[in-house]
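All values derive from a computational prediction rather than experimental measurement. Computed from heavy atoms alone, side chains included, the values below leave out hydrogens, waters and symmetry copies. Numbers here simply count residues along the sequence, with the first being 1.
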Amino acid sequence: MRGGGDHVRLMARVARMHHEQGMRQTAIAAELHLSTARVSRLLKRAVEEGIVRTIVTLPPDVHTDLEQELEARYGLAEAVIVDGPDGDEPVLPALGAAAAVYLESTLTGEVVGIASWSSSLLAVMDAMQPTNGYTLRQVVQMVGGHGNPAVQMESSRLIGQFAQLTGAEAVMVPAPGLLGSRQARDSLLADPPVAEVVTRWDEITVALVGIGTLEPSALIRESGNAMAPDQLERLRGLGAVGDICLRYFDADGRVITSELDDRILGIEPAKLLAIPRRVAVAGGMRKLAAIRAALVGGWVTVLVTDANVARALLA
């Protein structure tokens, strides 16, 4: 071995030939009369001693740094962050496209539970492409999908299109998500077609949901499955900030229990939280408080959101 200075000089020269000039290790070895093994060792030492430093420059629309921070902060299995226009509604196409790619890449052999009334999930369906790569078994509604006939087609399209794209069997809840009384809800739960769907909730391995605010979206409001204003005020008084599948939670993600629960025909919170993978698609600053609460409460394991919300969640 030659002196330290010569050794450093040789490391630097080999590093520049390889990384700046793009020369292969064999070509470097031939030009400098070294063995290929020694060139490899010099390149490794150049990294160890800081002569070569690797810098990853992210494209403008990629946010893997934010994703990793969110995962660490909130214990998420995965975060997917997209750029999007300002405002709430315009961000939906970007969220839908990102969620579609995530699902297309990760779904196999699953029973998927899906929320019934979600503009975010409709955007996912619009972005998904048919493929032969899926091996899904079933897609099951987790909330009653009947409602105002003028908009019920959206709930039916949500599960029907997803089933068609993935080759899964569609299992729908033949009832509304919100009933007028506990007696009406219990009567429907005793009906064999509804009872059969309820048993399927125990088999769900992936839940696909939106995150709602206390103020209902236009879709759920028009469907007839939204709480009345006085009922929403009662929920607000109990500290509710958002919901998933019509199950409301407070700012700490704790379930809000009230007499209104007796009127909901949908998956219970404990059963929802027992599903191994729970994917939420939600964005727009209007939903920030609800999204944060859902993360704090452990309602979701995978979040697809936009960069503005992600930064606010980390602030």
Next item on the list: Measure across P174 and V197 and return the closest heavy-atom pair with its distance rounded to 0.1 Å.
Entry: CD-CG2, 4.3 Å
Check: Checking side-chain contact (heavy atoms from CB on, under 4.5 Å) for the pair D126/R157: CA distance, chi angles, key distance, verdict?
Finding: CA-CA 10 Å; D126 290 338; R157 178 170 75 87; 2.9 Å; yes
Notebook entry, point to check: Hey, does V300 have a side-chain heavy atom less than 4.5 Å from the side chain of I291?
Noted result: no
Check: Taking side chain as C-beta onward, heavy atoms only, is L214 less than 4.5 Å from Y248?
Finding: yes
Note to self: Is any side-chain heavy atom of K287 closer than 4.5 Å to one of V309?
What the structure shows: no
Note to self: If you compare all heavy atoms of R234 against all heavy atoms of L260, which two are closest, and at what distance to 0.1 Å?
What the structure shows: NH2-CD2, 3.7 Å
Checklist line | Set of residues satisfying salt bridge (Lys or Arg N to Asp or Glu O under 4.0 Å) with respect to R16, sequence neighbours excluded | finding: E20
Item checked: Smallest separation among heavy atoms of I244 and A294, with atom names -> CD1-CB, 4.3 Å
Notebook entry, point to check: Run the side-chain contact (heavy atoms from CB on, under 4.5 Å) check on V111 and V206 step by step: do they pass?
Noted result: CA-CA 6 Å; V111 175; V206 177; over 6 Å; no
Next item on the list: List in chain and number order the residues that pass salt bridge (Lys or Arg N to Asp or Glu O under 4.0 Å) with R45, two or more places apart in sequence or in another chain; answer none if no residue qualifies.
Entry: E48, E49
Notebook entry, point to check: To the nearest 0.5 Å, how far apart are CG in L189 and CZ in R182?
Noted result: 10.5 Å
Margin query: With a 4.5 Å cut-off on side-chain heavy atoms, are L32 and L10 touching?
Written below: yes
Note to self: Counting only heavy atoms not in Q164 (residues, nucleotides, ligands), do more than 12 fall under 6.0 Å from its CD?
What the structure shows: no
Next item on the list: Find out whether V143 and V173 are in side-chain contact, i.e. whether some heavy atom of one side chain is under 4.5 Å from a heavy atom of the other.
Entry: no
Check: Just how far is it from atom CG of L121 to atom CG of L158, taken to the nearest 0.5 Å?
Finding: 5.5 Å
Note to self: Between D250 and R254, is the salt bridge (charged side-chain N to carboxylate O under 4.0 Å, His left out) condition met? List the steps.
What the structure shows: CA-CA 5 Å; D250 65 16; R254 293 177 299 221; 3.0 Å; yes
Per-pair distances, 0.1 Å, donor-acceptor, side chain in residues 267-284, under 3.5 Å, sequence neighbours excluded:
{"residue": "K271", "atom": "NZ", "partner": "D202", "partner atom": "OD1", "Å": "3.3"}
{"residue": "R277", "atom": "NH1", "partner": "Y102", "partner atom": "OH", "Å": "2.9"}
{"residue": "R277", "atom": "NH1", "partner": "T106", "partner atom": "OG1", "Å": "3.0"}
{"residue": "R277", "atom": "NH2", "partner": "T106", "partner atom": "O", "Å": "3.3"}
{"residue": "R277", "atom": "NH2", "partner": "E110", "partner atom": "OE2", "Å": "3.2"}
{"residue": "R278", "atom": "NE", "partner": "W299", "partner atom": "O", "Å": "2.8"}
{"residue": "R278", "atom": "NH1", "partner": "L273", "partner atom": "O", "Å": "3.1"}
{"residue": "R278", "atom": "NH1", "partner": "I275", "partner atom": "O", "Å": "2.7"}
{"residue": "R278", "atom": "NH2", "partner": "G298", "partner atom": "O", "Å": "2.8"}

Notebook entry, point to check: Can you tell me if T213 and R286 form a side-chain donor-acceptor pair at under 3.5 Å?
Noted result: yes
Check: Got a second to check how far L107's CG is from F162's CZ, nearest 0.5 Å?
Finding: 5.5 Å
Item checked: Straight-line distance of M125 CE to L165 CG, nearest 0.5 Å -> 7.5 Å
Notebook entry, point to check: Which pair of non-hydrogen atoms, one from A310 and one from L66, has the smallest distance, and what is that distance?
Noted result: CB-CD1, 4.4 Å
Note to self: Applying salt bridge (Lys or Arg N to Asp or Glu O under 4.0 Å), can you list everything that pairs with E215, at least two apart in sequence or on another chain?
What the structure shows: R236
Check: Transitively linked via ILVMFWY side-chain contacts under 4.5 Å: V101 with L208?
Finding: no
Item checked: R185 side chain vs I264 backbone, donor-acceptor pair below 3.5 Å -> yes
Margin query: I'd like to know if the side chain of R292 and the backbone of D252 have a donor-acceptor N/O pair within less than 3.5 Å.
Written below: no
Notebook entry, point to check: Does D261 reach the main-chain N or O of S258 with its side chain, forming a donor-acceptor pair under 3.5 Å?
Noted result: yes
Checklist line | Flag side-chain contact, heavy atom, 4.5 Å: L265 against P176 | finding: no
Margin query: Could you report the tightest heavy-atom contact between I114 and V139, atom names first, then the distance?
Written below: CG2-CG2, 3.9 Å
Margin query: Which heavy atom of A15 sits nearest to which heavy atom of A46, and what is that distance?
Written below: CB-CB, 4.3 Å
Check: Can you tell me how far the OG1 atom of T166 sits from the CD atom of Q161, to the nearest 0.5 Å?
Finding: 10.5 Å
Notebook entry, point to check: Under a 4.5 Å cut-off applied to non-hydrogen side-chain atoms, are V112 and V140 in contact?
Noted result: no
Notebook entry, point to check: Applying the side chain to side chain contact (heavy atoms under 4.5 Å, CB included) test to L76, which of E67, Q68, E71 qualifies?
Noted result: E71
Next item on the list: Would you please name every residue forming a side chain to side chain contact (heavy atoms under 4.5 Å, CB included) with M172, sequence neighbours left out?
Entry: Q141, I159
Margin query: Before you tell me yes or no, could you show the steps for R137 and E169 under side-chain contact (heavy atoms from CB on, under 4.5 Å), namely the whole-Å CA-CA distance, both residues' side-chain angles and the distance that decides it to 0.1 Å?
Written below: CA-CA 6 Å; R137 290 180 283 161; E169 174 194 3; over 6 Å; no
Check: Are M142 and V209 close enough, and set up right, to give a side-chain contact (heavy atoms from CB on, under 4.5 Å), and what steps lead you there?
Finding: CA-CA 9 Å; M142 297 188 296; V209 302; 3.6 Å; yes
Next item on the list: Would you mind reporting whether R24 and H18 have side-chain heavy atoms less than 4.5 Å apart?
Entry: no
Notebook entry, point to check: How far does CZ of R38 sit from CD1 of I28, to the nearest 0.5 angstrom?
Noted result: 13.0 Å
Notebook entry, point to check: What pairs with E196 under salt bridge (Lys or Arg N to Asp or Glu O under 4.0 Å), at least two apart in sequence or on another chain?
Noted result: R200
Checklist line | E104 side chain vs M128 backbone, donor-acceptor pair below 3.5 Å | finding: no
Check: For V8, does its backbone N or O pair with a side-chain atom of R13 as donor and acceptor, under 3.5 Å?
Finding: no
